[in-house]
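Since the model is a prediction, treat every value here as computed from it, not as a measurement. Computation of the quantities below employed the complete heavy-atom set of this structure, encompassing side-chain atoms and omitting hydrogens, waters and symmetry-equivalent molecules. So you know, we letter chains A, B, ... as the sequences are listed, proteins then strands, and number each from 1.
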Amino acid sequence: MSHPAAYRASHTAYATATAAASATHLSKVYGQGETRVVALDSVSVTFRKAEFTAIMGPSGSGKSTLMHCMAGLDSVSSGSARIGDVELSALKDKHLTQLRRDKVGFIFQAFNLLPTLNAAENITLPMDIAGTKPDPDWLRHVIDTVGLSGRMSHRPAQLSGGQQQRVACARALASRPEIVFADEPTGNLDSRSGAEILSFLRDSVRELGQTIVMVTHDPVAASYADRVIYLADGRIVDELLRPTAEDVLDRMPRPAGHPR
Amino acid sequence: MFRTALRNVLAHKARLMMTALAVLLGVAFVSGTLIFSDSVGSAFRNRMTKSLADVAVSVDSTDGSGKGGKSALDARLADRIRALPGVSSLRASVDGTTIVADKHGNAIGNAWGSLGANYAPGPDGKDSRYPLKEGHAPANSREVALDTKTARHAGAGIGDTVRLATDGPVLTKKLVGIVTTDDPRVTSGGSLALFDTATAQRLFLTPGHFTELVVSAKPGADQARLTRQVQDVLPKEGAEARGGAELAAEQSRAIDAETRAIANTLLVFAGIALFVGIFIIANTFTMLIAQRTRELALLRAVGASRRQVTRSVLVEAGVLGLVASVAGLVLGLGIAVGLRSFLNITGAELPDGPLVVSPGAVLSSLAVGVAVTVLAAWLPSRKAAKIAPVEALSTVDQAPSVRSLRVRNAIGILLTALGVLTMLYVATLKDSGGLVPAMAGSALTMAGVIVLAPLLSRPMVSLAGRVSTRLFGVTGKLAKENALRNPRRTAATASALMIGLTLITGLTVAGTSANEGMDKIAGQDLTADYAVSMATFGGLSPDVAKKVAGTPGVAAAVPIRSVGFQIKGAPALMTGTDVSAIAEVTHLTFTSGSAEGLGSGGVAVSETTAKAHGWKVGDRAELDFYEGGKEHPRIRGIYADNDVVDDAVASTRLASRHISPAKDDKVLIKAAPGRAEGLDKDIKAALGGNPAIKVQDRAQLRREDAGEIDTILNMMYGLLGMAVVIAVVGVVNTLAMSVFERTREIGMLRAIGLARSGVKQMVRLESVVISLFGAALGIGLGIFLAWSSGHLLRSSFPQYSMTVPWDRIGLFVLIAIVVGVLAAVWPARRAARLNTLEAISAQ
């Protein structure tokens, strides 16, 4: 696994049996009685290894909730959420935190870098927290891939938004997590920077064999994915493989009150 | 705008809590002090008024005190005053020092409060000053009465034998009566023994004489006229008559002056506490305004003027200050009550009385609280006014622009340099004349360091951070980075802690050095094993030295008596002693000549004295004694300056010619080899177990001075403790603000795998780093100031040399770390409990 080429997966990888993460009859309910809101209603989905999945859906469809539950950031009301073969609902906070640290990468809409650390320190932060040493070859490769080799000693304030998000991507990938969750990673970027980030994410799946799950409501962003899952009212309503932007737009569910 | 300000206070209740606490504590200190001193002052005045209620005229003797003395107040004079029209009764009293022994022969109470007096029955056969509780009044020379407390300490009941001493040998008397008294000398830690008038006169004066005559007037008599009449019958000299009203006014003034002096001392410390509070208030308002930038810009955009924005911030501060001050006032009432009980427990015996809450105390406490808060919020409020309306329109939160510290650093360097230069100048001075520059220099240096603190924070916090990173890894590094993120805030927080620690360290170093100096005095020249001296102010009868010398195990008992004289107008002291034995109790090193020949009328002088007057061995010294006599003894020796003897040493016989009555100040004792242990008991026994005579070993002699310094130091610690507590509140405040501001970061850290314990540790380490920064500044500055000011003592206290008590300094550092950890408890828990999801999406 030391050479990135080893990750190069054939793109007919649907045959790959092992799942990076999966949900089975996953439900998430907020509140009780009259204020009861079902955010996820018995969702079952599998995120396969080395696949780039986009979760789409209108506001309130449950797409963020699904991601939070799958990433171990939020608790599950019923059903099961697994990363690899670890059942998340069985874990207490301490182990969930360890699991996030060791097996999950995050990319947020608002970059969420520590302003006090420079780019290099931000990238190695998860490993510093874990107290492990990053693999230097891999780290260099990731940094080269995001194209920031010259800016490693810059602090976030000295970087543009696109550059900051590339640092965040590198941070998510640097510890070779089993799965990376990206929450609207291009939401705060101009279209050019956004395209760079999305290409980078797609490349990391194709070339490095990374598994990525991305929540977005931008059809263009979703078109970079291998697979698009549509959520509405807490359920999976549609799925699309190897889409183009037009495909994604065409298949958008249009519930009343949400004209698109 | 007022409503906006009020709403803001309510909206930020939690965040303002720590600030309010800081104001509250400061105001509580101020109001507690004011209420306490008012109450105690009024209680003292009440008691005084009561005790002076039937004093129309008081006649005091102005000379002839002491045993064998003849005061101008004799029985004939008393009778003549009694016969004056308008006089209803006269109480003739005679008093002096009387030490009562407890079961073990030790003195009860402190020497200056050990009162002996006559029981002076009035026309009804009772003495109104000392109401009898039990038994009867002493009626002859074998009887004595004690007050309740003294009797209890002596473990004596009616009919028991009591041992006591005035300035002579031990007296044994039968306890016949127990009285109560409200004499402040007795109630505040002294003791009381009452004799019949003839016995008291024999003990304290001469039969037939008194120390005070108290005249009561007939109803309707004019006090001023009566005073004049009394004055007319008094002899020209030796007595003085004063009206009761005049006496009351005088004592009232004295009480006021005393309580005010205490209050002023306490208020200085309250002021320090409030000053520390300023940093916390300023920190809070700076942060609140930074957070409300858009809101304030909106106000400006809809037409509020700069002044209105400033005013709204100041009103907010005022409301906060007022609320906190009212709460502080309530706490202050509690402090005033508590302080009195506390002091009473420790034996101060303050009189009871109602709590006096004067409008002045209330108003000034509230005014101080509000003023301090508004003042502290003033700079932040000006920043608020500078917010441009256009900032309301910006959609993203802009990072607050970091204002340059250049001007601040320049001012800081200037102030610090001025302060340090002043202190270095002070270090070259040799006497207490440098007190004013020393205080100014200290204040300047402190102010300079406070202004410079943001600049200093970078290297010092980085250093601490390197250690914390080494020890705790990434949380240590994040803690360091967080502490460095806002240098102004970190500096203000640390400065608050620094102020208290500077004073504490400075006082500790000075106190320890003084103690060491005293040790040197007590230790270096003295070779005696024990010293015998009088617990009262009188000297020892020459018998004592003889008795001690005869005690088995005593190798030498050397009497020491001092007498003042002049050499060509320059004052000096002579030690009269047993010149043949003085070498047993002190290292007397002769630089020329020797002690030989001192026994036959010669004199030895110290090196300093010899040098000052150009004397050599063989010269004749011209000594002018204060009481009139002159001596021209030959100088037999010159010795290196010595702390046991004075400027000159001569035989007891020579010195005693100029001392009356001839008494020893002390007797220094050298034990026979191997007999030192426990010899004090034998000596005490040889002296008849006299409670008025102290036998002290070397350690006790040393402790006598050291104890005083330690007591003062402990009091200072207590008083400065409040400033430190407020500084801790400031650290809590800063951390809480940091956690609040960094909610999203903490959420992200949790998401990417930092455990709750890691978050806690990060906040805790930030707290420790800030505390250590403050401690380092405070301790460094304290040592520097103590070093430079210490030179002022060189002339009056040559043995003083600076000693840094590293164990205590280490303790302070440890305390700073503990303070850091404790201050972080609540903010760290809050940070760790943040919901990860909500935190990430927080603004």
Side-chain angles (χ1 to χ4, degrees), chain A residues 28 30 39 64-65 67-69 71-75 92-118 121-133 155-158 161 168 171-172 174-175 177 180-181 183-184 187-188, chain B residues 395-402 458 461-462 465 469-487 490 738 741-762 765-766 769 832-843:
Chain A
K28 177 71 186 176
Y30 294 107
S64 289
T65 308
M67 190 196 90
H68 292 154
C69 289
L73 284 171
D74 207 348
S75 62
K92 291 253 182 287
D93 180 78
K94 193 178 161 193
H95 291 109
L96 266 183
T97 306
Q98 254 171 35
L99 176 103
R100 288 199 303 267
R101 190 183 76 190
D102 299 336
K103 303 206 164 163
V104 181
F106 284 99
I107 301 167
F108 303 96
Q109 177 176 9
F111 320 147
N112 277 334
L113 302 177
L114 281 192
T116 50
L117 302 182
N118 65 27
E121 291 167 327
N122 263 296
I123 290 171
T124 57
L125 186 59
M127 283 159 285
D128 288 339
I129 290 173
T132 56
K133 283 258 179 295
R155 297 213 174 191
Q158 298 164 302
R171 179 179 69 194
S175 58
V180 170
F181 291 98
D183 189 0
E184 307 268 11
N188 275 359
Chain B
T395 46
V396 280
D397 278 330
Q398 282 168 342
S401 56
V402 180
R458 186 153 282 280
V461 168
S462 294
T469 309
R470 176 79 44 89
L471 290 177
F472 300 98
V474 70
T475 48
K477 182 178 168 68
L478 293 176
K480 175 194 85 175
E481 296 295 343
N482 284 339
L484 283 174
R485 195 186 290 195
N486 193 333
T490 298
S738 301
E741 282 179 356
R742 295 172 199 158
T743 301
R744 199 161 68 185
E745 276 175 42
I746 293 167
M748 184 275 288
L749 285 167
R750 293 275 295 124
I752 66 167
L754 189 63
R756 284 187 204 281
S757 58
V759 174
K760 272 192 190 173
Q761 194 173 58
M762 178 178 79
L765 288 174
E766 179 181 355
V769 163
R833 281 193 183 163
L834 283 174
N835 179 302
T836 310
L837 273 179
E838 285 168 17
I840 298 177
S841 46
Q843 274 300 304

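When heavy atoms are compared at a cutoff of 4.5 Å, Asp183(A) does not approach chain B at all. At a 4.5 Å heavy-atom cutoff, the contact between Lys477(B) and chain A is made by side-chain atoms alone. Neither the backbone nor the side chain of Gln109(A) comes within contact range of chain B, judged by heavy atoms closer than 4.5 Å. Neither the backbone nor the side chain of Leu484(B) comes within contact range of chain A; no heavy atoms are under 4.5 Å apart. For a residue to count as touching a neighbouring chain, one of its non-hydrogen atoms must lie under 4.5 Å from one of that chain's; by this rule Leu117(A) touches chain B with the side chain only.
The greatest number of non-hydrogen atom pairs below 4.5 Å with chain A, out of Gly747(B), Gly753(B), Ala755(B), Ser757(B), is found for Gly753(B). Listed options Leu73(A), Asn112(A), Leu96(A), Leu99(A) were ranked by heavy-atom pairs under 4.5 angstrom with chain B; first place goes to Asn112(A). Your options are Leu478(B), Asn835(B), Thr475(B), Thr836(B), and the one with the most heavy-atom pairs under 4.5 Å with chain A is Leu478(B). Contact count versus chain B (heavy atoms, under 4.5 Å) is highest, among Ala172(A), Pro115(A), Ser175(A), for Pro115(A). Top candidate by heavy-atom pairs under 4.5 Å with chain B, chosen from Asp93(A), Val104(A), Leu113(A), Asp128(A), is Asp93(A).
Here Arg171(A) contributes atom CZ and Met748(B) contributes atom CE; the two are 4.5 Å apart, rounded to the nearest 0.5 Å. Distance check: Arg101(A) CZ to Leu749(B) CG gives 13.0 Å after rounding to the nearest 0.5 Å. Within the model, atoms CZ of Arg485(B) and CG of Leu114(A) stand 7.0 Å from one another, a figure rounded to the nearest 0.5 Å. Rounded to the nearest 0.5 angstrom, Phe111(A) CZ and Arg744(B) CZ are separated by 9.5 Å.
For Arg100(A) (side chain) and Arg750(B) (main-chain N/O), a donor-acceptor pair under 3.5 Å exists by modelled atom type.
Nearest heavy-atom pair, Phe108(A) versus Ala751(B), reported as atom, atom and distance to 0.1 Å: CZ-CB, 3.8 Å.
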